[in-house]
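Okay, structure first, notes after.
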Amino acid sequence: MTTASETSQRKAQGTTPVVSYSGVIKRFGAVTVLTGVSMEVRKGEVVCLIGPSGSGKSTLLRCTNGLERIDGGEILLDGQLLPSDGKGLRLMRRRMGMVFQNFELFPHKTALENVVVGPVTVLGISRDEAVERATALLAKVGLSDRAGNYPSQLSGGQQQRVAIARALAMEPEVMLFDEPTSALDPETVGEVLAVMKRLAEEGMTMLVVTHEMAFARRVSDWVVVMDKGAIIEQGPPQQIYDAPQVARTKEFLSHLGWAG
Amino acid sequence: MTFDWLVVWNNIGALLDGVKVTIFLAVATMAIAVPGGILLAVMRISGIRVLSAIATAFTELFRNVPLILVIYMAYYELPVMSGLSASPLVTGLIALSLNVSAYNGETFRAGIASIRKSQSEAAYALGMSPWQAFRIVVLPQAIKRVLPVLASTWISLFKDTSLVSVISVGELSYAATRVRAQTFRVLEVLTAMAAIYWVLGYPQAKLVDWINHRWGRAE
């Protein structure tokens, strides 16, 4: 799947991957949705997971922070095994930020409180410090003037940017994005992708499940193509988009109207 | 037929004392039955079989036995079984609290179940414990969502407090019954009693309508 020459192009060569998956298996009842997935996310990398619906991309992402429990294989964060539950898992989760397709902001809290709540309740930092941090993060995602608004008073794009700020407030080592723009109106997709692009440029390690091929092509360092619960191809975006090695990748991209 | 409305006026002090007790009973019962209902709901969804079974048994018992029977049982059986004797007021408060807690438990359980799982997942993703996710994310949303139902329960409770008159708790119905017995002016006293309940209840019902309008809509 991955040749030596492709591997040599990857970032953070020779260091421990931030996230590493080996032989990850996940079943829902009788259906095996991940059939032994092995891959790595390296420090500072933006890895995009693409593939048809039902290929297991989102499931793999949700396994990464233990929202789904794996049935086989292992997931390591900075070389440490991800526990299946309990306090150990919670300690790992706070090192990973997650952004959901449907934002999942807390509707009874203002934008600012959504960003404040994690650091205060989970990290135990003082409220003043958390408010200061949240204010800076809302400014970073361009929503300083919306701090006092409730999620229902914000557009989808604004809600998703608050959700990104909420995840960043935990100062995570890696950000997980689960189809962050799929639920958005077309006109607000751009503002969310712009925030993600800036994060990438700042060196944030990111794992992104996405159908935004232009984003994956331009911003990612590494693209992983999944189909039917397995990785069928992975490589730098130039390879995947300009010269895919696997027929199924080509087919998937052409279905999306990707012409290179 | 002649009416003697002066009877009501001459006994207004006794009736107003009854009103005070009625309001106290309703407020105190709700003050117990809201936390009580949350506790029952938490026990039922805890996943701990013993707790869940206790809460289910409690709920199904007190929801399906007539309230007046619970009041009699609390009055006659509780002292025998527990060896403690309580005043009629406290006994009535206990009986009402058992009944309303059972209802509130089901209300809160439905409210908690209506909050989608992904909200808890968002809390877990931040590193919250199940208890933190429940307390900080799920419960506040659930309470807001069931507020209209709690308000309806309150209205029922306010009127149901009249049932504790059977064990001589001096609330409005009991006070009115005594005035009636002393004066034999049945129609006047019953009418006055209805008027007082209505005057107290109508603004509350309007308030409930307002709460329904304000919070009853979907998120």
Side-chain angles (χ1 to χ4, degrees), chain A residues 58 61-62 64-69 85-109 113-124 130 150-153 159-160 162-172 174-178 183, chain B residues 34-35 37-38 41-42 45-49 51-52 104 107-151 208 210-219:
Chain A
S58 285
L61 197 80
R62 288 167 57 81
T64 311
N65 67 350
L67 290 180
E68 302 289 353
R69 199 185 288 207
D85 57 14
K87 190 156 170 57
L89 176 60
R90 295 206 291 279
L91 287 172
M92 299 285 246
R93 274 174 176 159
R94 60 169 79 163
R95 294 161 57 190
M96 300 184 254
M98 179 138 180
V99 175
F100 296 83
Q101 183 176 346
N102 291 310
F103 332 131
E104 300 304 341
L105 291 179
F106 306 132
H108 58 301
K109 291 184 179 292
E113 288 302 323
N114 265 278
V115 185
V116 164
V117 69
V120 168
T121 60
V122 177
L123 301 180
Y150 285 89
S152 61
Q153 299 167 320
Q159 288 187 58
Q160 195 61 302
V162 174
I164 292 171
R166 177 177 70 177
L168 289 174
M170 302 296 290
E171 300 187 335
V174 55
M175 286 282 285
L176 311 173
F177 291 86
D178 188 5
Chain B
V34 164
I38 292 173
V42 170
I45 60 175
S46 65
I48 301 166
R49 198 172 290 180
L51 292 181
S52 173
N104 283 355
T107 301
F108 283 116
R109 192 163 71 100
I112 291 162
S114 78
I115 305 302
R116 43 178 208 278
K117 191 166 144 261
S118 46
Q119 279 284 303
S120 302
E121 289 180 348
Y124 296 151
L126 287 173
M128 287 190 197
S129 66
W131 173 243
Q132 285 176 322
F134 177 76
R135 189 169 51 81
I136 296 165
V137 174
V138 177
L139 189 60
Q141 294 185 59
I143 289 176
K144 200 170 158 189
R145 198 164 285 184
V146 301
L147 213 51
V149 184
L150 289 178
V208 171
W210 182 78
I211 289 172
N212 273 312
H213 180 73
R214 176 78 173 72
W215 280 290
R217 62 191 150 84
E219 147 201 332

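Labels below follow one simple rule: chain letters A, B, ... track the order of the sequence lines, proteins then strands, and each chain is numbered from 1.
Comparing B:Pro130, B:Gly127, B:Pro140 by heavy-atom pairs within less than 4.5 Å of chain A, the highest count is held by B:Gly127.
With a threshold of 4.5 angstrom between heavy atoms, A:Leu105 approaches chain B through N, CA, C or O but not through any side-chain atom. If you measure heavy-atom distances from A:Lys87 to chain B, you find no contacts under 4.5 Å at all. With a threshold of 4.5 angstrom between heavy atoms, A:Met96 approaches chain B through N, CA, C or O but not through any side-chain atom. Contacts between B:Gln132 and chain A at a heavy-atom distance below 4.5 Å involve the side chain alone, from C-beta outward. Proximity to chain B involves both the backbone and the side chain of A:Phe106, based on heavy atoms less than 4.5 angstrom apart. Looking at A:Arg166, both its backbone and its side chain come within 4.5 Å of chain B, counting heavy atoms on both sides.
Within the model, atoms CG of A:Leu89 and OG of B:Ser129 stand 12.0 Å from one another, a figure rounded to the nearest 0.5 Å. Between atom CD of residue B:Glu121 and atom CE of residue A:Met98 there is a gap of 7.5 Å, rounded to the nearest 0.5 Å.
Although no hydrogens or angles enter the test, the distance criterion places no donor-acceptor pair under 3.5 Å between the side chain of A:Glu104 and the main chain of B:Ser120. Of the possible donor and acceptor atoms, one in the side chain of A:His108 sits under 3.5 Å from a partner among the backbone N and O of B:Ile136.
Closest approach of A:Phe100 and B:Ala125 over heavy atoms only: CZ-CB, 4.1 Å. A:Val117 approaches B:Met128 most closely through the heavy-atom pair CG2-CE, 3.9 Å. When all heavy atoms are compared, the tightest approach of A:Gly118 to B:Leu126 is CA-CD1, 4.2 Å.
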